[in-house]
Each structure stands twice: as structure tokens, then as C-alpha cells.
2 protein chains.
Amino acid sequence: MLITSSQVTNHNHLLAAVQADEFERLKPHLELIQMRLGSVLYESGDRLQHVWFPTTAIVSLQYIMEDGASTEIAGVGNEGVLGVSLFMGGAATPSRAIVQTGGCGYRIKAGLVLQEFNRAESLQRLSLLYIQALITQMSLTAACNRHHSIEQQLCRWLLLTIDRLTSNELIMTQELIASMLGVRREGITEAAGNLKNAGFINYRRGHITVLDRPGLESLSCECYQVVKKEYDCLLSTYASSKHSHSPACRKQ
Amino acid sequence: MLITSSQVTNHNHLLAAVQADEFERLKPHLELIQMRLGSVLYESGDRLQHVWFPTTAIVSLQYIMEDGASTEIAGVGNEGVLGVSLFMGGAATPSRAIVQTGGCGYRIKAGLVLQEFNRAESLQRLSLLYIQALITQMSLTAACNRHHSIEQQLCRWLLLTIDRLTSNELIMTQELIASMLGVRREGITEAAGNLKNAGFINYRRGHITVLDRPGLESLSCECYQVVKKEYDCLLSTYASSKHSHSPACRKQ
DNA sequence: TAAGCTGTGTACGATACCGCACAGACCGTA
DNA sequence: TACGGTCTGTGCGGTATCGTACACAGCTTA
């Protein structure tokens, strides 16, 4: 498939920020693929064969406990990359990467991208920036799991998800959301019912539509704003990092 | 045992694995300092001026919510380094680093260590390895917060803490533990009472003694074993990475 | 059009944890 | 030795979430 970074369906912000000469080297090896809802990019403990750059797909990183209970650790959309542990020197992560919203993304062989990373040029700088944001998201998830109600977390999750989409409708069952948040399906049914009654969302069998963003934000915990800000910051840093090494919008 | 040679008051495993010539460059700038119980290395949003390598001290990374509620995201002992976000290009993290067990550690000016990191030699490789382990710990924390009881988490926390110590006694109030786990102090009192009745621990005003490790392990959730394994793996990878670039003990 | 599966709604007791209140024990200091 | 502050123990009602069970509704396929 032809790669022109102008089209929306094949745009990944991290890749787009890679310097031109580096990108030229990567380009022939980038494979634009379908990422289907529910498909698993890698399981806990897998040796990574590829690295993925989602474009329209959203991928959920989950930790699966011994008894099968799951929890979403972080979400990855077109601002990021999957398989970062490869850069870290370890070849495996303890998490599962599962496609949460079907769409497209780029795939590249692990060896090739690692080689490029180790040249210590823009791909490395960008990846590290991204990992920083990812760590922030993970921290928030840990704290949010401890302190906030299911309803608050549902609002956060919905907001973070539609922020990564072009439409305001997502294809998602309550069962799936429950497994991401690590709660019972019934808990989601109740919370979603409240949001529906409040007029903030609507839904039918496997489809959820967000009607009132500000409404959701008002019910969400602080975690949404913090993560969103971190990613907004990340994106603007990507852009400026093409020309300079200094971060763009951190507190000083 | 997680940390074997921690009897030495000025030993940090990450630093020890840095290649000789690189270490020589760092050495003049390493400042061995006291890290006192309760002192804060950096607050959320601070611009980092230093990077720290604990030797006998243990530092807790906490996320502080707007209402002041706190949660430990990860702990850092002499296997790691504090201020990694510096390497990531962002200068700030959204967490607070607070000394949880008083002791010693090295401090080095941010600029110097960043310079060394950017040479892309062993300090970089080691730091990335460490960040990988840190991410694992954070993932587990998020999942554990969701799924496990206070008692299980207390066991996990105690085990991870004494693994980083030479003695089996830690100086720590129940109030402090509660703020780390993000629960009420009374919840810790009850859980600790159970562990005491079971004969696994003993305590008095601000001192906790672990009497029966296997006992604690049997009550702990799986999270302890997973994190411990990850750090064991990290340490052996440090050692082997002095001579090769390949990870030592990952699943394949 | 009917059957069948999957997704959603609801109910109910059980339970883990919370918030609050206060008593008592320990320990350093005066 | 007495005092005072800090740490720990305990009780009680309130609440969020869980576990389980089951009814029903919406899509898909035959």
C-alpha cells in the first residue's frame, strides 16, 4: 500500500515527527495493516516480532491476572507505538496488547526499527518522549483504580477513547468495557444507565454514542484532564522536536 | 533475595553495571548523600535538577490526587535510578518521590548524567532496562489496586520492602503504609493485626519486623512474585549486559 | 418468520472498605 | 516521673462493589 502521510487513515503522529531522512529508511519496511477489533498483537511474555504504529485503531494494554481478571494499564492510539519494550532491551512485556477499536496501523519488523532506534536519532528521542507520556497514563490508571468510582472511571475511559476517534460513536459492549476497567459488567450497565438518563450518552447493543462531552467531563475524575493534557503536550512536543531537542510545554 | 550485595552502603546495582570508562567520567560528579525518611526528592511537576541512585535508601514514587489522596506507583531501591523522566526528554513527572526508608544514595547533576546518557552507551542501555522493570512494577500496581485485598497488598508491600533491606525490620508507621497503598490507616491496622496473630510479623510503634517470609508470601497476591522475578531478571541482565547487549532471562 | 445467541436490565444478599469517633498504649522529652 | 504527642486498637453505621441469578431485548442467521 502506498504511504502518503497526508491521508487521515494512515497518519501516526509519532511516525510523522520522524526526520525525513530517517523516515525514508523506514518507509520501505512499513506495512499498513488492518487491526481488527479483538485481535491480540502480543500476549504477556511473547517475544516481540514487530512494532506497531496505530493510525485509526486503538489498542488497549492490559494486565491479565492468574485468575483471568484483566485491567487496562494504558491505551495506545495514533499518538504512540506498541512494542516499546523492544527499545528497552527486554524483548517482552508482562501485558497483553489487544485491539479495542478496529482500524488501521503500520507494522514494522522488530529488528529494523530497533536498528533505527539505536542510531539515537529522532526515532529514539520521539519514542522516549512517548514512553514518558505512557508512564504518566499508567500512573494515573493505578491511582484512579484505587480512588475513583466506576462511573468516574467510565467517563474518563469514554472521553479518552473518543478523543482518539473521528466520530463520537464507538463500537464496544459493556462487557468489554468492564474487562478493561477490571469491574463487573453489571457495574458498567448501571453507570452507563446513569449517563444515559443524564443525556450524556446513548447506546444500543454494542454501540455507544457520546452526546455531551462537557457533561462527561463534569462527572469524570481529574484523571482524564491530566492524561489528556499530557498527550496534548506530547503532540506539540513531537512537532517542535523535529527542529529542536527541548520539550515544548512542560512546567518549569 | 532481591538485592544481594546491599550490605555495602555505597552500592547501586545500576551504577555498578556501568562500563569502567563511562563510570570514570561520572565518578567525580557523584555525590554520596543522606536520604532522610520523609524527605521529598521531587514534587509532581518539578523540573529535575538531579538524578538519584539509591544505595541503602528506598524511595517511593507516589501519585497525589487533587484532594490529597496518595497512591504508591512504584518503589525504587538500589536496583534503580530516580529522575528517569529526564532521559525521556520531558523534564518533569506527574509523581512525587519521597524517601520511604532512610539511607544513602548518590546524587548527580541532571545535565551531566543526561550528557552521558545521550552518548548512547551503557548508561543508556542500563537505564532503559531499568525503566522496563519500572513499567512492569507500575502495571502490577495498577492491576493490584483493582483486584486485591488490603491484606494481600500489605503482604506484597512488606515483602518488596524487606527485599531491599538488609535487616528484617523496617521503620514505618501504619499511617505511612496506608498512604502508600492509598487506603485508610485503620485498614492497615486490621490487616497488620491479622498478620501478627498469624505470627508472620511483629510490630511496635513505628517498627515492623518480618518473622515469617514464606507465611507472607502465602498470603500475598501473585503480584509480589511477578515484580520480584522482574527485578531478579533485571539484576542478572545488568551483569551480563556489561559484556553483551542481549537480555539474560526473558521468556522467549 | 422463527430460532438462537449475545448483549442489557434488574434484583438481592454478602462483603470489603470507608468515615468517623474515641480509647488506650507507647515513647520521647521536660 | 509526669506530660503530651503520636501511634495503634476498636466499634459502628454507611456505601460501593461484588457474586449470583434470571428475565428480556436486539440483532443475525436459517
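Sequence lines set the chain letters: A, B, ... in the order given, protein chains first and strands last, and positions in each chain run from 1. Values in this document were obtained by computation on a predicted structure and should not be read as measured data.
Remark: B:Thr173 OG1 to B:Arg185 CZ distance equals 9.5 Å, nearest 0.5 Å. Expressed to the nearest 0.5 Å, how far SG of B:Cys223 lies from CD of B:Gln137 amounts to 11.0 Å.
Closest to the side chain of A:Arg205, from the set C:dC26, D:dC27, C:dG9, is D:dC27. In this structure, the nucleotide among D:dG9, C:dA25, C:dT10 sitting nearest to the side chain of A:Arg185 is C:dT10. Set against D:dG9, C:dA21, D:dC18, the side chain of B:Glu186 has C:dA21 as its closest nucleotide.
Going from atom CD1 of B:Ile177 over to atom C1' of D:dT6 covers 16 Å, rounded to whole Å. Between B:Arg204 atom CZ and D:dT6 atom C1' there is a gap of 14 Å when expressed in whole angstrom units. One atom, CD1 of B:Ile171, and another, P of D:dT6, lie 18 Å apart when rounded to the nearest Å. In this entry the distance linking CD of B:Glu175 with P of C:dC18 reads 13 Å, nearest Å. Following rounding to the nearest Å, B:Asn202 (CG) and C:dC26 (P) show an atom-to-atom distance of 12 Å.
Shown are A:Lys196, A:His207, A:Glu169; of these, the side-chain contact (heavy atoms from CB on, under 4.5 Å) with A:Asn202 is made only by A:Lys196. No option in B:Ile162, B:Leu37, B:Ile171, B:Leu165 other than B:Leu165 meets the side-chain contact (heavy atoms from CB on, under 4.5 Å) test with B:Thr101.
For the pair A:Arg164 and A:Tyr231, the cation sits on the ring face: its NZ or CZ lies under 6.0 Å from the ring centre, inside 45° of the axis.
B:Gly206 comes within 4.0 angstrom of sugar-phosphate atoms only, judged by non-hydrogen atoms across all strands, and of no base.
Other residues, nucleotides and ligands contribute at most 12 non-hydrogen atoms within 6.0 Å of the CD atom of B:Glu190.
Put simply, the side chain of B:Arg184 and the base of C:dG19 share a donor and an acceptor less than 3.5 Å apart.
Using a 4.0 Å cutoff on non-hydrogen atoms, no part of residues 140-154 of chain B comes near DNA chain D. Shown for residues 188-201 of chain A: no residue has heavy atoms falling under 4.0 angstrom of DNA chain D.
A:Asp163 places a side-chain heavy atom less than 4.5 Å from the side chain of A:Arg213.
Not one side-chain nitrogen or oxygen of A:Tyr203 sits closer than 4.0 Å to the OP1 or OP2 atom of D:dG26. Proximity of B:Gln174 to the phosphate of D:dT6: no side-chain N or O atom is located under 4.0 Å from OP1 or OP2.
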May I have the step-by-step check of side-chain hydrogen bond (donor to acceptor under 3.5 Å, both in side chains) for A:Gln225 and A:Glu217, ending in yes or no?
CA-CA 8 Å; A:Gln225 289 295 345; A:Glu217 289 185 36; 2.9 Å; yes
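In this pair, B:His11 and B:His13 present their aromatic rings perpendicular. The plane angle is above 60°, beyond the 30 to 60° band.
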